[in-house]
S.K.: 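Shown below is the structure under consideration.
In what follows, residues are counted from 1 in the order of the sequence shown.
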Amino acid sequence: MSALLGSAHLGPTLAVTALAGLLTLPVGLDGPRAALVVAAVLTGQLTIGWSNDLVDVRRDRAVGRTDKPLATGELSERLVRGCCAAALVATVALSLALGPAAGLLHLLLVAAGWAYNLGLKATALSWLPYAVAFGALPGVVWLAGPGSPPAWGVAAGALLGVGAHLANVLPDLGDDAATGVRGLPHRLGPRLLPVAAVAVLVAASAVIALGAPGLPGWALAVGAVLVVALAGLALVRRGRDSFRAAVGIALVDVALLVVAG
């Protein structure tokens with residue numbers, strides 16, 4: 001079971017699902033409605049994670065990825081395909097149960113993740129699925145309730161998605177280059193990539209700070225200090241340290257997004 005969950009990219013899957021759950025709080029969804037949003041997002045993220053490993057299995061084997069259960073043979077491709085198909089059916093059903101607008105927007109979010117897996121990751125448009133998916137996530141939550149998503153929330157989500165994409169690729173530049181993957185992060189290169197990741201994540205922070213009417217002053221002050229400190233660290237250090245600092249900025253952005261509501 002642990003290998004199967006690992007193949008679904010459990011960390012990012014749970015992170016996106018948790019973000020969706022947190023966003024239901026300021027929107028004011030009741031318990032059952034919030035649970036439905038979380039369930040739809042969870043199954044959708046599972047399909048994206050499993051499909052990613054299925055598409056990349058030969059590439060992962062070529063570079064000797066020991067952290068990928070499909071690449072090592074610990075999991076069978078047939079099992080993962082079956083789980084992915086079942087999760088996809090559940091995603092469609094749960095999404096449509098949210099209502100036409102929220103449901104179709106969530107299916108667009110999932111389709112963006114699949115588009116990345118199926119080929120966009122190796123192009124200069126590798127950022128686009130992340131922008132669409134993370135920009136759509138606040139919209140799904142808001143549309144599942146009585147209101148419509150604020151423009152600043154969609155913009156901040158899209159920027160956060162692009163920044164997360166750039167930061168996420170930092171540790172894997174070498175393996176990707178060895179197997180011919182040349183998305184936007186690879187085209188920027190190891191010197192410009194941390195700068196670009198930090199710039200986009202800081203921009204997401206600025207959009208939240210300037211656009212969110214309900215952001216408390218203390219949150220704005222603490223967030224600003226943390227973002228500036230982490231941005232400096234990401235630009236000074238390299239490799240894993242730069243990646244961790246960029247992830248830290250992303251976490252601050254998520255916290256501000258949730259607090260702002």
S.K.: Side-chain donor-acceptor pairs under 3.5 Å in residues 128-140, sequence neighbours left out?
M.R.:
none

S.K.: When you measure from the side chain of S7 to the backbone N and O of A3, does any donor-acceptor pair fall under 3.5 Å?
M.R.: no
S.K.: Could you work out, with side-chain contact (heavy atoms from CB on, under 4.5 Å) as the rule, every residue matching A40, not counting sequence neighbours?
M.R.: L94, S95, L98, H106
S.K.: Indicate, with yes or no, if V154 and L210 share a hydrophobic cluster defined by side-chain heavy-atom contacts under 4.5 Å among Ile, Leu, Val, Met, Phe, Trp and Tyr.
M.R.: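 Not linked; separate clusters.
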S.K.: Could you note down all residue pairs passing side-chain hydrogen bond (donor to acceptor under 3.5 Å, both in side chains) where residues 206-233 supplies at least one of them, sequence neighbours left out?
M.R.: none
S.K.: Is the backbone N or O of I48 less than 3.5 Å from a side-chain atom of N117, with the two atoms forming a donor-acceptor pair by type?
M.R.: yes
S.K.: With sequence neighbours excluded, tell me which residues meet side-chain hydrogen bond (donor to acceptor under 3.5 Å, both in side chains) with D253.
M.R.: S205
S.K.: By side-chain hydrogen bond (donor to acceptor under 3.5 Å, both in side chains), which residues pair with W114, not counting sequence neighbours?
M.R.: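 Residues passing side-chain hydrogen bond (donor to acceptor under 3.5 Å, both in side chains) with W114: T47.
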S.K.: So, the side chain of W50 versus the backbone of L4: is there a donor-acceptor pair under 3.5 Å, distance only?
M.R.: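 Such a contact is found between W50 side chain and L4 backbone.
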S.K.: Is it true that D56 and K68 make a salt bridge, defined as a side-chain N closer than 4.0 Å to a carboxylate O?
M.R.: no
S.K.: Ignoring hydrogens and geometry, is there a side-chain-to-backbone donor-acceptor pair from R33 to A144 under 3.5 Å?
M.R.: yes
S.K.: Please say yes or no: joined through hydrophobic side-chain contacts below 4.5 Å, possibly via intermediate residues, are L36 and V89 part of one cluster?
M.R.: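 No; V89 is not reachable from L36 via cluster members.
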S.K.: With heavy-atom distances below 4.5 Å as the criterion, would you say the side chains of D60 and L70 are in contact?
M.R.: no
S.K.: Tell me the side-chain hydrogen bond (donor to acceptor under 3.5 Å, both in side chains) pairs involving residues 80-93, sequence neighbours left out?
M.R.: T43-T91, E77-R81
